[in-house]
There are 2 protein chains.
Amino acid sequence: MQIPGRVTVRDLAQAAGVSLATVDRVLNGRPGVRPATIAKVEAAIARLGFRRDLTASMLARARDIGLAVIIPEGSNQFMNRLAEAAQAVGQQVRGERLRLDLLRIRALDPGALAGALDGLSPDIHDCAAIIAIDMAEVHAAVERAIGRGIRIITLVSDLPHSARHGFVGIDNVAAGRTAASLMGRFCRMGKVGLVAGSLDLRDHAERIAGFRAVADAEYPRLEIVGPVEGQDAFTATYEKTLALLRTHPGLMGVYNVGAGNAGMLTALAEMGMNHTVAVIAHELTGPTRAGLASGAVDAVIDQGPEAEIRAVCAMARRLVLGADAAPPERPLEIRIFLRDNLP
Amino acid sequence: MQIPGRVTVRDLAQAAGVSLATVDRVLNGRPGVRPATIAKVEAAIARLGFRRDLTASMLARARDIGLAVIIPEGSNQFMNRLAEAAQAVGQQVRGERLRLDLLRIRALDPGALAGALDGLSPDIHDCAAIIAIDMAEVHAAVERAIGRGIRIITLVSDLPHSARHGFVGIDNVAAGRTAASLMGRFCRMGKVGLVAGSLDLRDHAERIAGFRAVADAEYPRLEIVGPVEGQDAFTATYEKTLALLRTHPGLMGVYNVGAGNAGMLTALAEMGMNHTVAVIAHELTGPTRAGLASGAVDAVIDQGPEAEIRAVCAMARRLVLGADAAPPERPLEIRIFLRDNLP
DNA sequence: CGGGAGATGATTTACGTACCTCAAAGATCG
DNA sequence: CGATCTTTGAGGTACGTAAATCATCTCCCG
């Protein structure tokens, strides 16, 4: 428990041959330091292996880090779960100088998202996490927010060709591949139906692409039918799934890449197929959890909302506090749940 | 980013009608406070919703939290991976006032473990994490360490009837059940062989019990043979697996609950069965990862060494700093990996 | 009623960084 | 060469808690 050879800003100043004030200016990117002096300080940082003490750093900040998490509201179970996770994690990180404000907006409405972003002030929020919709209106709002000095993190759904500071989410192609590997072993041959929310959603399209790639290459005896699109809504998903099941009577498996699991499961139950068809779904929510327990769902691929929110918090902290606080950000894990390993 | 209505120890003192010193005594469990006064302070804590500011708390501590992680050394891939994770996490948490010292001892040697525990001084280590061996010698050493004021956390393998302060690890019965669910779907019928390190190891025995329970109840067309015990060593596992395969020529699946995956896979390859037999193994290590990639392994159940070490760190912090720093400790997740969702 | 122990108060320092002010030194330019 | 601007130094306060010291107060006991 001895104090280790902790390198402080004082040591840094001495080693670099400059004053504390100058070290502080360099460390916090304040203006008024000659490039040559900056280099001296940075050399000393490297030489001494100086690492900013986050504990003290947080304490000294008069203000908390403000993080706005913008999540669509509505009946989408996953989004609700994500919002709950945000609430819960927000509680846990308060006291760590991070304030998480949850904002809920109209779903599937780029105008609402853009409006929410425009309403953010850098005085209140240092950082915002958004579930991106890939449209010009949103792009523009993101640029404006960044211009105001707000860091933007995309969550779940990315905005690749923007200046967003980071993305938190899973590799959806890999998720689709994983689903195919499971499906290929659950039903060796026959027709497998695909259900999606919308092919316009990047994550849904990517999952289907991944599924197709593996199924075609490794399980040629599977015949893929669909996808049908249910807009992540109960009724539409229910009806589309029902139509799919009626069109293809001998269906062996169903893979729903979207959020309308309750609709899909209701359709299956109505056809009396809910225990004979192999079902793979996304996101551990009420319906999928119940489905796993009852045997109506065989496997659930989950992206772990809580882990996602935590990753967002960590990223926000490191974006605001500076890169030296960076734990190397790794992609989020794709989690597979069966009945027996439910958390 | 405004400063929220943060409740400080000063507010507490005022609200409770006592001095700062008394609040400090109560908060840090120091002696010399009448029960009635303690109650007053605690009432004020509850009333104001006071939460100790961890940031400031850590900063004010002159000393870091010292955590010793004791891991057996040898050829056991999982233990090596756990040790690597400890190193890595140790790097990441330095700067958060937590010093993680990794100690490696002779494997499967209760004397070595007891000796390591006895060698710990509370001046150096506030807390120790051990992979328990359920023997009297270890029990006694744990009691002695606790007597000296060192908090003990069991890791991976628990010591249920001891005064250890906490356990970090997965539910091994559930892991076995999960393996059975997968195996039952991978091979509908036929013989499935079990391979273990030793049935004397609590986690191995629990996995087998879980596997048996689900297989018997839900997949009666599977016939379980084994288990054979390979002592988690290459040669013994190789030989035992080979014998198992020769004794039961039509084997459809193999579930290895232990660490000797390289030996098992070598035996399978030698018999030319490495792509026809469904293989489920534990822990994502070199051999199992390669096996997933090549198709020799179908699924890996992993307990996530890094998550385990992180959980140990979190538990150590909360044990040392006091329960008010407690994030509700949840059981570790049982992770399932296929080829396509490898991290 | 005085002694002593226990309980409590008052006050101070320290932790390492952020951030502010003011002064001084140096550079630049007309 | 003086005026102006930029760069740097010096020093301080603040953040909220830990931990220590020393003084004071209360109360029980002999």
From CG of A:Asp53 across to C1' of C:dT17 the rounded distance in Å is 8 Å
| query | Between A:Thr22 and D:dG9, does any side-chain N or O lie under 4.0 Å from OP1 or OP2? | reply | yes
Quick note, B:Ser19 side chain, CB onward, closest among D:dT7, C:dA10, D:dA10 is C:dA10
All heavy atoms of B:Pro31 vs all of B:Arg25, minimum pair found to be O-CD, 4.1 Å
- Message: Any side-chain N or O of B:Arg51 below 4.0 angstrom from OP1/OP2 of D:dG16?
- Response: no
Whole-Å distance, A:Leu59 CG to C:dT17 C1', equals 8 Å
Under 3.5 Å donor-acceptor, A:Asp302 side chain and A:Leu284 backbone: yes
Looking only at heavy atoms, the pair that brings B:Pro305 and B:Phe78 closest together is CG-CE1, 4.0 Å
Short side-chain N/O contact to C:dG16 OP1/OP2 from A:Arg10, under 4.0 Å | no
Taken to the nearest whole Å, CG/A:Leu20 to P/C:dA23 is 20 Å
Side-chain contact check for B:Thr37: nearest option of C:dA7, D:dT17, C:dT17 is C:dA7
Atom CD1 of B:Ile65 and atom P of D:dA18 are separated, to the nearest Å, by 12 Å
On the nucleotide D:dA18, are OP1 or OP2 found under 4.0 Å from the side-chain N or O atoms that B:Ser57 carries? yes
Rounded to whole Å, CZ of A:Arg317 lies from C1' of C:dT17 at a distance of 16 Å
Between B:Ala311 and B:Leu332 the two heavy atoms that sit nearest each other are CB-CD2, 4.4 Å
*Pair of N/O donor and acceptor under 3.5 Å linking D:dG9 base with A:Arg25 side chain*: yes
Winner on side-chain proximity to B:Val33, out of D:dT17, C:dT8, C:dC15, is C:dT8
Winner on side-chain proximity to B:Ala60, out of D:dC15, C:dC15, C:dA18, is C:dC15
In whole angstroms, the gap separating P of C:dC15 from CG of A:Asp11 amounts to 12 Å
Whole-Å distance, B:Arg30 CZ to D:dA19 P, equals 5 Å
Residue pairs meeting salt bridge (charged side-chain N to carboxylate O under 4.0 Å, His left out), one or both in residues 150-167 of chain A, sequence neighbours left out, come to A:Asp158-A:Arg164
Atom CG of B:Asp24 and atom P of C:dT12 are separated, to the nearest Å, by 17 Å
Nearest-nucleotide check on DNA chain C, A:Asn28 vs B:Ala36; residue mapping nearer the 5' end is B:Ala36
Of B:Val18 and A:Arg34, the one whose closest nucleotide on DNA chain C sits nearer the 5' end is B:Val18
